[in-house]
Visitor: 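The following block contains the structure, expressed as structure tokens.
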Amino acid sequence: FLVFVILGWLLFLLPQPFNLIYIFLWGFYFLALLAALIQIFIKIKKPVVTLAILIYIIPTHLIYGWGFIKGVAFKI
């Protein structure tokens, strides 16, 4: 995910279909995030907790992505 966030904007420098793919993938990510939040809300029925979880999901993806990059880079 971190590589997608950091390097994905480079797709806008390529011909037309690549930037649309990038935008589509962002849309897919946010739909998946929304689906997860709906499932969480249905289970716990507390909107404040659901929003608090949202605050932690995205940074967690970035942190795990950074850990993946470090793991790959230092194993070589």
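Heavy atoms only: backbone and side chains are in, while hydrogens, waters and symmetry mates are out.
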Visitor: With a 3.5 Å cut-off and sequence neighbours excluded, list the donor-acceptor pairs that the side chains of residues 17-28 form with protein atoms.
Guide:
residue: Tyr22; atom: OH; partner: Trp26; partner atom: NE1; Å: 2.9

Visitor: Going only through I, L, V, M, F, W and Y residues with side-chain contacts under 4.5 Å, is there a path from Phe4 to Leu13?
Guide: yes
Visitor: Using a 3.5 Å cut-off and no angle test, enumerate the donor-acceptor pairs between side-chain atoms of residues 31-55 and protein atoms at least two apart in sequence or in another chain.
Guide:
residue: Lys45; atom: NZ; partner: Ile42; partner atom: O; Å: 2.7
residue: Thr50; atom: OG1; partner: Lys46; partner atom: O; Å: 3.0

Visitor: Does Phe12 CZ have over 12 foreign heavy atoms under 6.0 Å away?
Guide: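 Counting neighbours around CZ of Phe12, more than 12 heavy atoms of other residues, nucleotides or ligands fall under 6.0 Å, so yes.
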Visitor: Answer with yes or no whether the hydrophobic clustering places Leu10 together with Leu2; edges join I, L, V, M, F, W, Y residues whose side-chain heavy atoms lie under 4.5 Å apart.
Guide: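 Yes, it is one cluster - the side chains of Leu10 and Leu2 are joined through contacts under 4.5 Å.
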Visitor: Would you kindly confirm whether Tyr64 and Ile58 end up in one hydrophobic cluster when ILVMFWY residues are joined by side chain heavy atoms under 4.5 Å apart?
Guide: no
Visitor: With side chains defined as the heavy atoms from C-beta onward, is the minimum distance between Trp66 and Ile6 less than 4.5 Å?
Guide: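 A side-chain contact under 4.5 Å is absent here.
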Visitor: Is there a chain of hydrophobic side chains (I, L, V, M, F, W, Y, each step under 4.5 Å between heavy atoms) that links Trp9 to Phe30?
Guide: yes
